[in-house]
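Just so we're clear, the structure is a prediction, and the values are computed from it rather than from any experiment. Indexing begins at 1, ligand by ligand and atom by atom, following the structure's order.
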Amino acid sequence: MTKSSTVPAVVAFDIGGTSVKSLTVTRDAVLDVHSTPTRADQGPEAALEAVLDEIDTTLAALGDDYEAVGVGVASPGLVDETKGLSRHSENLGWRDVPLKALVQQRTGLPVGFGHDVRAGGLAERYLGAGRGAAHQAYLSLGTGIACALVLQGVSIVADGYCGEVGHGGSGASGDGEPCACGGRGCAETYASAAGMVRRYRRLTGRSLSGARDLVALVDAGDEVARTVWNEAVEALAGITSDIVRVTGVSRVVVGGGLSLAGERLIQGLEAGIAQQLTIHRRPEIVPAALAGVSGSWGTALLGWAAAGYDLDDIAAGYLEKGPSALIREVNR
Ligand SMILES: [Zn+2]
């Protein structure tokens, strides 16, 4: 690194159902950020090519002053970090795609590969609301509900099937609403954004564009909206309480689209957990500090780690900017 006059950089790709978010960073600056469609509507192969093309384009755009030292890739759905596989992505149509190896072949660079929610958790642990807590859970509440654990300071990863806490939970008695996973009454049918919208429509016949509309209706005194919201929070409190019973985490960081509901969500969760936990330690419930950008930053951290950099060291450089700058520079 010192022998060269070029500045080391990492390119990071947070793959979602409809778009890939690309982030190019040095140790102290954001060089580029943009988003490109996955073309998933044209099939799984097209989506894969779109991702690989995007990686080529981003690397080609890196100026002569910079040298890519690593690539970070985060994938949605079921992800096997150990084997480098995207096992199952509903939106992209991927089944057992060896994404890590494909990116390695394409770029010749070290590749850090992970699950999108676990990447978000990694960003919160090093750069956001999880800093300083040795044991923490990152709950991503949005289209789906998933959890990433950091215990004793180390991100806990299993073979691709961990963290799907939304399928199950307090409502999963077998007689609830059908869930996309094939089960019934999963917490996601109550507490995901889509689940809340669906429940509200079933009870009133009225359509909402998202969870934000539902929260606005709760504020406006709509009784049905209040019921749907309270059931959602109760289901989330059930999941969170189970996580605490098993792991004893002292802090729960709440991210994902639903976290934009802010204090209403945090206070609701705190109250629900207080009812459900007895002898257990009550965790702090805190909103994600990097809401909306934690996936991109976490994916960049995966790239730095793959390139052999120490993440505490890397994080220290970014933290000089503060979380608001980390959000602003990615949303620019
Ligand atoms: Zn389910």
Side-chain angles (χ1 to χ4, degrees), residues 15-18 40 44 74-81 85-97 114-121 137-149 156-203 207-211 214 227-247 249 252-259 261 265 268-269 272-273 276 295:
I15 306 168
T18 55
S75 184
L78 295 177
V79 172
D80 187 332
E81 273 107 340
L85 298 174
S86 169
R87 283 215 174 275
H88 182 120
S89 166
E90 199 61 46
N91 292 326
L92 297 167
W94 290 353
R95 301 288 182 273
D96 291 328
V97 173
H115 182 254
D116 57 355
V117 172
R118 289 195 280 277
Y138 172 71
L139 262 184
S140 174
L141 310 177
T143 317
I145 297 169
C147 170
L149 291 174
I156 301 301
V157 174
D159 287 343
Y161 295 95
C162 70
E164 292 290 336
V165 291
H167 298 292
S170 62
S173 55
D175 57 356
E177 295 194 23
C179 179
C181 72
R184 276 186 173 273
C186 293
E188 277 195 15
T189 65
Y190 293 89
S192 68
M196 282 188 263
V197 168
R198 198 168 47 242
R199 285 181 65 72
Y200 188 79
R201 189 172 57 233
R202 191 161 296 169
L203 293 167
S207 294
L208 303 174
S209 66
L214 187 90
T227 301
V228 170
W229 175 258
N230 287 346
E231 285 176 354
V233 172
E234 190 181 337
L236 293 174
I239 289 174
T240 311
S241 299
D242 280 340
I243 292 168
V244 171
R245 288 184 190 102
V246 174
T247 64
V249 289
V252 177
V253 179
V254 180
L258 197 59
S259 66
L265 176 66
L269 271 178
I273 289 165
Q276 296 191 27

Are any side-chain N or O atoms of [X] and backbone N or O atoms of [Y], one a donor and one an acceptor, separated by less than 3.5 Å?
X: R201; Y: S207; result: no
X: E188; Y: I145; result: yes
X: R118; Y: V79; result: yes

- request: Only protein N/O/S atoms count here: give how many lie under 2.8 Å from the Zn ion (ligand 1).
  value: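 For the Zn ion (ligand 1), the figure is 4.
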message: Do P76 and N91 have side chains that approach each other closer than 4.5 Å (heavy atoms only, starting at C-beta)?
response: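 Result no, sub-4.5 Å side-chain heavy-atom pair not found.
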message: For the CG atom of D80 and the CG atom of D96, what is their distance to the nearest 0.5 Å?
response: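 The CG atom of D96 is 9.0 Å from CG of D80, to the nearest 0.5 Å.
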- prompt: Picking from L269, I273, V165, what satisfies side chain to side chain contact (heavy atoms under 4.5 Å, CB included) with L236?
  reply: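 The option that passes is L269.
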